[in-house]
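Single-structure report; data block below.
Every heavy atom of this structure was used, including side-chain atoms; hydrogens, water molecules and symmetry mates were not. Naming convention: chains lettered A, B, ... in sequence-line order (proteins, then strands); numbering from 1 in each chain.
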There are 4 protein chains.
Amino acid sequence: MPRISVLGCGRIGRMHADNIAAHPQATLAGVFDTHAPFAAEIAEKHGVANFASAEEAINSDSVDAVLIATPTSTHVEFLEACVKAGKAVLCEKPIDLSLERVNALAKRIEGTNVPIMLGFVRRFDPGHAAAERARAAGEIGELHQVTITSRDPGMAPDGYIKTSGGIFRDMTIHDLDLARFLLGEEVIEVTATGSRLVNPALMEECNDYDTVVVILKTASGKQAVITNSREAVYGYDQRIELLGSKGMLITDNHHNHSMKKYLANETNVSSPLQHFFIERYGEAFDIEISKFVDAIENGAPVPVGFEDGRLALLLADACFKSVAEGRTVLTSEFA
Amino acid sequence: MPRISVLGCGRIGRMHADNIAAHPQATLAGVFDTHAPFAAEIAEKHGVANFASAEEAINSDSVDAVLIATPTSTHVEFLEACVKAGKAVLCEKPIDLSLERVNALAKRIEGTNVPIMLGFVRRFDPGHAAAERARAAGEIGELHQVTITSRDPGMAPDGYIKTSGGIFRDMTIHDLDLARFLLGEEVIEVTATGSRLVNPALMEECNDYDTVVVILKTASGKQAVITNSREAVYGYDQRIELLGSKGMLITDNHHNHSMKKYLANETNVSSPLQHFFIERYGEAFDIEISKFVDAIENGAPVPVGFEDGRLALLLADACFKSVAEGRTVLTSEFA
Amino acid sequence: MPRISVLGCGRIGRMHADNIAAHPQATLAGVFDTHAPFAAEIAEKHGVANFASAEEAINSDSVDAVLIATPTSTHVEFLEACVKAGKAVLCEKPIDLSLERVNALAKRIEGTNVPIMLGFVRRFDPGHAAAERARAAGEIGELHQVTITSRDPGMAPDGYIKTSGGIFRDMTIHDLDLARFLLGEEVIEVTATGSRLVNPALMEECNDYDTVVVILKTASGKQAVITNSREAVYGYDQRIELLGSKGMLITDNHHNHSMKKYLANETNVSSPLQHFFIERYGEAFDIEISKFVDAIENGAPVPVGFEDGRLALLLADACFKSVAEGRTVLTSEFA
Amino acid sequence: MPRISVLGCGRIGRMHADNIAAHPQATLAGVFDTHAPFAAEIAEKHGVANFASAEEAINSDSVDAVLIATPTSTHVEFLEACVKAGKAVLCEKPIDLSLERVNALAKRIEGTNVPIMLGFVRRFDPGHAAAERARAAGEIGELHQVTITSRDPGMAPDGYIKTSGGIFRDMTIHDLDLARFLLGEEVIEVTATGSRLVNPALMEECNDYDTVVVILKTASGKQAVITNSREAVYGYDQRIELLGSKGMLITDNHHNHSMKKYLANETNVSSPLQHFFIERYGEAFDIEISKFVDAIENGAPVPVGFEDGRLALLLADACFKSVAEGRTVLTSEFA
């Protein structure tokens, strides 16, 4: 069983640490966070090492693989350190906010065969994955249109928003990867629009958008439409739809439970949607660890790798450019 | 096109008159009601005869067939008059509140070939009918269990309840017929329970029940369960379910429209159910007229006839007996 | 009761004639079609006049109002004739394929007070209309995003496609009007993309698209996204979604009936969607006639008028321009 | 954290052991099974004790509480041993197949304050529990009718069936407890019917039924209807429904994932239902452990205790009697 260390003990790092500790095929080797008490709490809970530094958490002999859940600005450094140490790595998205830096890293690590997996967890959602398998199996014939609805339950704190890299690099990037996964073909055109409706003042300040629509197009004309909002008060809205020549596939939202009320003036009243990504994609996060372990232990291909992370970021950059210039942007412009 | 007269211009008679008038294969010949202004209003609206008597509405040369929507106590008399006049007849349920009288009428009209159709409209609901066809086609293998949920949106007026013949003869009778239709086999055992929960005082007074459960069983052991309530404040609840050796079929309720709300604390909030039988079974009432016309014009077999009406009443009587005696009652006890 | 004549006895004209004939507050005055046998059949069925010419069907003293369901190329001429004759008119969409001609007509009929209603029937769908009312009542707070999914069950015949004016003027125009209705604010920016996936050869030949996505934006930043396809083999797909600061509203598709199957490998198997607009918007077409009658008889404001028809066409033109030029187009470019 | 040992390492014992091991507030103390290899496998997996005997697994100083998942025939003995040892105990249903033996045990352990909890896991399902809370909070007014649909995905092996105590004691017992929980009032009348439809020969041999309907009634007239089948090929069907004077509550089935297909002839095609109790009630089994821990650690009242187990068995006996005698049976007959 691979011994995996977790860098970063914020909300998502904790979750990963818990998942690895409970995983039947993996062992939690230890944790690290620059804020020591966070790491200490998790280390104690699971009876594992609280590493003194990221270097130690990567290079220790007791560590076979590394999960990077630190702030984005550190990803490139830690990724590179893992590759140098020959430690398989599962890195949270995005690789970095700068496509240039990612391109530069790509060159530096070229030729390495250390497994690098990107944390685009939505690919592992049982519903989304079943849709992709059904499409690949031809159940809906030729794919024509992908629709992704993806809305957060509420605005992140101002401080987070300001350093997030903007909605396309922070939030849409998940959907851009999911669109690539579902399209099964590379995107060549990007058209995006952005509005400031949830918190106009903050968006103005950050030159960012909180409500966006993106259209992607492949060489064969397949389209993907992504609609995002930073705030859907009814909950974390995560739906996809695939239209093909022989049918349609959809995945629907998950509710807290299956109880429904029928009252005098309203019927079918259902429970709220599962709160946020930790609940909604809980099963997917577990499967993600399994896939990572499978790559480490059995040499299975990494299901979503470094180049996927780079291309998602490229598409995010193309979105910003499209909004700024009011035109369709070609991905070839970024070559 | 057969010219059909309508006896009785209450809520259901008006609806039938409107349906016949608008029907592409039928003509409304005229109407009759002992309360003349009711009939006059409909006659004027459709520009048809307001017959001076039920006899005229049955025997007139301008009438090919008759729809009986008068109070139950008159059904036997009018049915017999129609048979004597050789006029095809579509009679609202129940034939009568007395099984003896129905048996007596059955003897008197034995051997006649005048089409007599009973208004068990639920058989014609597109959903319920599709379920029956799917069962008959073997899509769920051998049938094991039928479940019928049938609840009125609210208590009928006290006066109606007192003369209704009791819940089993007035309300459950629809479900008893539907159960026979769906079972595709005759019922041999009846077990029923009744409670007084919606209006206990009135129920006590009438020696009736407002909340009942009935279990029917056929010779081969197939079961049907009917749950009824005189009042479901969330609306007219009409659902069926068929369990077979290879699958299950269900039909669901109909809502006023398809709009749903997703709010901070409740999701999927749907519109109320269609109010009552006139709305919920609107399509079925239209199809019922078509089937009646088809029997008149083309000699098609009457899809639900006099004997079906008699057997539904027999089952209703068995329900009362079962509740009274706290035991399973055999239909053979009524032979 | 207004006496309404119907010009054009194709599929949609017949439906309107039937609806008017059956409508409790309207009378069918007669019909006209250049192909006389079509008109004769309907005239006979309803026992009404088969007018010798469009002029007669408009100007006859027996006609109070006119419904135009002829080919698009004749709409301008007949609309103008109705206005001159002082006959209220309900005109099928689009007014014309040429914005210039529509603008010219607008000038010619300026100042008239003859009611002109456009047949954007979707506004009258009980579900869509309930969503608009809920939005207007503030149930979802401030509106942010409208999503319209609108797909035909199958390609129209080649001949129709070639003269349709292109997907945006023929098909999307319904959604462009619906978007304006739901947004409650004028659109100022149009961004569209088009693909040729269903029938690439035909689309190439017509310089048209069969699979499109349109993004509309209002001055305050509200967005509407429309996804269209000329062919959805699973049926006529008609859904809308409104995201606001306090919630979301959706309308779902209509199935043929409510029966569902649960089998060994698949559950919840539902019946096909209602075939096409005549079935899906049957209730809305009826309400449309009621609204028209209400405008004629009671001077109620026309719910969707000439300017709505003109603006929908303008947006359709903007879509073509956006696709051709690969950029966001301003509606002010068409001033 | 209480150290809990698990007696019995069959399918359900393993699941409980895994759940306790992963539970943040509990510790797995060790396991025992008469078939040593079963226990060894689990002990090794979790690095815990493989106790040499049930006595040791109960009395060891390293054990604070015991979970009994052994064959039914051993429950009484182990329960009593736990009580004597002062160890809190969570016992799988049923307590025993003999009401007499359970009554005798009740007397012997009278007055003890060792927490005894019964494994009626359905009470802890988030959906069912939400329904019960909503009822208790008055959201549907006065309760009138409870409907429980409960069907297994397939027949258990013949050997199991023959020693199961019959459908009412083995399968319906869960629903009988759930009915008591949801009714919030004691049952005084039991009416049941049984059929042999899935495997008539085996049922004949065992004098058992595979398809049953049960009606329960409380003193105030509230009704509960339970429909059971030993085989629903479309999956483990678990639904409840509560009708009250002000509304209805339902819980629906759980599917494997949320993907749905829309094809040319069928729409809304959903994935199979979650296979069986381990999947469907996975969350509930976790909550069950939490409730047990809460009773042990914090003295919280045991949410479902010994008397609940005894009364469910009494109702099961009443069902058999009702079917045998074809009549409504009073629970007072068992006093």
If I measure from the heavy atoms of chain D, does V198(B) come under 4.5 Å with its side chain, its backbone, both, or neither? both

Most contact-rich option vs chain D, by heavy-atom pairs under 4.5 angstrom, among A232(B), G194(B), G141(B), is G194(B)

Are there donor-acceptor atom pairs under 3.5 Å between chain D and chain B, and if so which?
from, atom 1, to, atom 2, distance (Å)
Q145(D), OE1, R151(B), NH2, 3.3
Q145(D), NE2, V212(B), O, 3.4
R151(D), NH1, E241(B), OE2, 2.9
R151(D), NH2, Q145(B), OE1, 3.2
R151(D), NH2, E241(B), OE2, 3.1
G194(D), O, K217(B), NZ, 2.8
S195(D), OG, G221(B), O, 2.5
S195(D), OG, Q223(B), NE2, 3.1
T211(D), O, Q223(B), NE2, 3.0
V212(D), O, Q145(B), NE2, 3.4
K217(D), NZ, G194(B), O, 2.8
G221(D), O, S195(B), OG, 2.5
Q223(D), NE2, S195(B), OG, 3.1
Q223(D), NE2, T211(B), O, 3.0
R239(D), NH1, E241(B), OE1, 3.0
R239(D), NH2, E241(B), OE1, 3.4
R239(D), NH2, E241(B), OE2, 3.0
E241(D), OE1, R239(B), NH1, 3.0
E241(D), OE1, R239(B), NH2, 3.3
E241(D), OE2, R151(B), NH1, 2.9
E241(D), OE2, R151(B), NH2, 3.1
E241(D), OE2, R239(B), NH2, 3.0
G326(D), O, T328(B), N, 2.9
T328(D), N, G326(B), O, 2.9

Does any heavy atom of chain D fall under 4.5 Å from the side chain of I215(B), the backbone, both, or neither of them? side chain

Between V212(B) and chain D, with a heavy-atom cut-off of 4.5 Å, which part of the residue counts as in contact: side chain, backbone, both or neither? backbone

Which bit of V213(D) is near chain B, if near means a heavy-atom gap under 4.5 Å: side chain, backbone, both or neither? both

